[in-house]
Amino acid sequence: MNPIQKIREELKGSIISALEKSRTENLIAFDAMPDFVIEVPRDEGHGDFATNVAMLMARQCRMAPRKIAEIISSQIDYNQIPQLKKMEIAGAGFINFFLKPDWLVVLPGIVAEQGPRWGSSPSQNQKVQVEFVSANPTGNLHMGNARGGAIGDTLANILAYAGYEVEREFYINDAGNQIDIFAQSLEARYLQLMGAKIEFPENGYAGQDVVDTVKNIIRDYKDSLLGMTAEERQELVVNYALKEKIQYIRNTLSGFGITYDVWFNEKILHQTGKVDEIIKNLTDKGYIYEEEGAWWFKSTLFGDEKDEVVIRANGLPTYFASDIAYHLNKFERGFDRVINVWGADHHGHVGRMKGAIQALGYDANRLEILLMQLVRLYRGGVIVRMSKRTGTTVSLDELIEEVGKDAARFFFVMRSPDSQMDFDLDLAKEKSQENPVYYVQYAHARIQSIFRQAKAAGVLVKGVGEVDFSILGTEEMQILRKIADFPDEIATSARMLAPHRIAHYVLELAGLFHSFYNHQRVLNDNKALQDARLALMGTTQTTIRNALNILGISAPEQM
RNA sequence: GCGCCCGUAGCUCAGCAGGAUAGAGCAACGGUUUCCUAAACCGUAGGCCGGGGGUUCGAAUCCCUUCGGGCGCACCA
């Protein structure tokens, strides 16, 4: 257990003991122990930790909060918490705990021992799947996919640190209506390039990437497709294009630092009859009815506004039908939690999806949807419409080329998924040097530089066990305090599905380091102080590196 | 019309199941380098937390209402 959690538990325990003792001695009367918190006050003058327990008890005790706080304070057993120096009652009835300054000195040892695992929590014994991006394999990856990629991958890293067994998955929509249109578009382009005068489908994919793909097909197959039936031809071109697109997606995401454990094909669900099975299953359970030739799922039973079609009048299943089969498959694979990162434009899908899960007999809470608001792309102060079909927008690979993987990932993950995001391309290009990611990376590189200087000067960096940390001053203790928060911060980010917290955390830690660096010298004449500071630098660097690792951003040793 | 997200400093945004005096970056202004990387640091200025009610010891946070912005409400995915 990390030191912060440990001391929190100890403080909490001692308060409970004090309260129970007070009750036994008839100093106070209460029935239920409130669910109070041990928090870190924003203001350092309010101690290392504080609790609101007295305020929470005021009502049931019919006693002023400060009076309750005094009773607790007088009954606290200092022997139970050796690190406790003093307590103060403040404000409306807060109890502030001041700890002996050396309570954090165990931290560097823990960090050094855990290394790359520092920040992680014990195993939760739960399997969680994170599905993200899952872009349609009919076009290039756009800004929404980029944001989803950064958020999903970071979230998966956070969950892994938080003790979950995590699998990353990409769902390939290689079946259905869009694929048919894709096939028709490819065929039309092929025939056009081969000289036929035919109309391009009205809703077809008009992007240049389709033309490029067709040129590759012509290079490989020449005119041999002309003699085929339309069906054979469409199947060939679409399979060719899908293979190419999926390879493109895989490569681009890999360049964005994202690799998946599983690439799941929608088509398999159709081919193996899973979609038909799920319809039959739900029909047997009475959740499906027929109307106007189509089959409807009763999503209104689960709070949705209207029922949803699963089989169209033309006999073909909808996307929703295969998605139900897909999610059933996920649960059958044994995941305790299934998390999907979706764009806000899919939020209408959430209610009925959860409804379907429930209809199948699973707890709908095990399916969690992280909705992220859409990214609006600006160029020259004007919105660039994101359309997969026109292919006029900036793609992820172009973005990586222009601003770099690290800056792009940081930029996307820095903001809460809930907030809509304007991505100003001109700004991103011009100001890439001012991106906050460099601020953090620079902190890491600076520390490395100190170690280089130390080595050049023949200074041996002592192991944390041989160093006396009590010599460190307030700035160093602030850094240590922040570092101590790291596991908690990761756990909170995991609980809230809030990857942006890690970005903010590491910015704050880097800020404390830079401030310290500008005020104090690590390499100096006071050997004991130098030893302690060098060890602190190692602790800081490991924490920054681990945080950057979670964010999928490199930790350079030199800049 | 109904549903979801957002509204916090000039701009972009944090603010962890309500907590003490609301924070950061950028922009502005003024400083810091014979010394471990100035991609840094320090300081100044900047706010009716969209408006209005309510809940309570206590609200940026919860509830209601209203205004403004985004998204969704297909036999598309």
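Because the structure is predicted, anything quoted here is derived from the model rather than measured. Below, chain A is the first sequence line, B the second, and so on; all start at residue 1.
Contact annotation for A/A58: no contact, since no heavy-atom pair falls under 4.0 Å across all strands. Heavy atoms of A/R352 sit under 4.0 angstrom from at least one base atom. Here A/Q441 lies out of heavy-atom contact (under 4.0 Å) with every strand. When heavy atoms are screened at a 4.0 angstrom cut-off, A/M496 is found touching the sugar-phosphate backbone but no base atom. Nucleic acid contact for A/A454: none, since no nucleic acid atom lies under 4.0 Å from a heavy atom of the residue. As judged by a 4.0 angstrom heavy-atom cut-off over every strand, A/L56 is placed among the base-contacting residues. If you check every strand for non-hydrogen atoms under 4.0 Å, A/N96 touches a base. Within the nucleic acid shown, A/A445 comes within 4.0 Å of at least one base atom, counting heavy atoms only. Nucleic acid contact for A/Q530: none, since no nucleic acid atom lies under 4.0 Å from a heavy atom of the residue. Contact annotation for A/A90: base contact, defined as any heavy-atom pair under 4.0 Å involving a base atom.
Put simply, OH on A/Y319 is 14 Å from P on B/C76, counting in whole angstrom units. Atom CZ in A/R147 sits about 14 Å away from atom P in B/C71, given to the nearest Å. Counting to the nearest Å, the P atom of B/C36 and the OH atom of A/Y517 are 6 Å from each other. In this structure, CZ of A/R376 is placed 18 Å from P of B/C5, rounded to the nearest angstrom. Rounding to whole angstrom units, CG of residue A/D424 and P of B/C26 are separated by 18 Å. Rounded to whole Å, the distance from CZ on A/F320 to P on B/C73 is 14 Å. A/Y171 has its OH atom 10 Å from the C1' atom of B/A77, to the nearest Å. Atom C1' of nucleotide B/C5 and atom CD1 of A/I151 are separated by 13 Å, given to the nearest angstrom.
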Margin query: Walk me through whether A/D307 and A/Y289 qualify under side-chain hydrogen bond (donor to acceptor under 3.5 Å, both in side chains).
Written below: CA-CA 10 Å; A/D307 292 337; A/Y289 64 93; 2.6 Å; yes

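The nearest heavy atom of RNA chain B to A/Q373 and to A/R312 marks one nucleotide each, and the one closer to the 5' end goes with A/Q373. Taking the nucleotide of RNA chain B with the nearest heavy atom to each of A/E489 and A/H514, the more 5' of the two is matched to A/E489.
No N or O donor and acceptor, one from the side chain of A/D35 and one from the base of B/A17, sit under 3.5 Å apart. You won't find any donor-acceptor pair under 3.5 Å spanning the side chain of A/D345 and the base of B/G72, going by distance alone.
When all heavy atoms of A/L399 and A/A408 are compared, the pair lying nearest together is CD2-CB, 3.9 Å. The shortest heavy-atom contact between A/D406 and A/S554 is OD2-OG, 2.5 Å.
Here A/R376 pairs with A/D422 in a salt bridge; the nearest charged N to carboxylate O distance falls below 4.0 Å. Between A/R481 and A/D485 a salt bridge is recorded (basic side-chain N to carboxylate O distance below 4.0 Å). Under a 4.0 Å N-O distance rule, the pair A/K330/A/E169 does not qualify as a salt bridge.
Nucleotide B/U12 has B/A24 as its partner under the Watson-Crick or G-U criteria, with both atom distances under 3.5 Å. Within the shown strands, nothing qualifies as a pairing partner of B/U61 under the Watson-Crick or G-U definition with both distances less than 3.5 Å. When both pairing distances are held under 3.5 Å, B/G43 makes a Watson-Crick or G-U pair with B/C29. The base-pairing partner of B/C4, taking Watson-Crick or G-U wobble contacts with both distances under 3.5 Å, is B/G70. Pair check for B/C48 finds none; no Watson-Crick or G-U wobble contact set falls under 3.5 Å.
With a 4.5 Å cut-off on side-chain heavy atoms, A/T51 and A/F94 do not count as touching. Inter-residue side-chain proximity for A/F516 and A/V522 is flagged as met; some heavy-atom pair is nearer than 4.5 Å. No side-chain heavy atom of A/N265 sits less than 4.5 Å from a side-chain heavy atom of A/Q271.
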Protein-nucleic acid N or O pairs under 3.5 Å, nucleotides 11-14 of chain B:
residue : atom : partner : partner atom : Å
B/U12   : O2'  : A/R415  : NH2          : 2.2
B/C13   : OP1  : A/Q420  : O            : 3.3
B/A14   : OP1  : A/S416  : N            : 2.8
B/A14   : OP1  : A/S419  : OG           : 3.4

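Note on A/K306: a side-chain N or O is less than 4.0 Å away from OP1 or OP2 of B/A74. Taking only side-chain nitrogens and oxygens, A/R42 never comes nearer than 4.0 Å to OP1 or OP2 of B/A22. Between A/Y439 and B/C41 there is a side-chain N or O to OP1 or OP2 distance below 4.0 Å. For B/C57, the OP1/OP2 oxygens have a side-chain nitrogen or oxygen of A/R59 closer than 4.0 Å.
Comparing B/A40, B/A39, B/C36 against the side chain of A/N518 picks out B/A40 as the nearest.
Between the side chain of A/T318 and the main chain of A/V309, a donor-acceptor pair closer than 3.5 Å is present.
By the 5.5 angstrom centroid cut-off and the 30-degree plane limit, A/F94 is classified as stacked against the base of B/A20. Residue ring and nucleobase are not stacked for A/H346 and B/G72 under a centre distance beneath 5.5 angstrom and an angle between planes beneath 30°.
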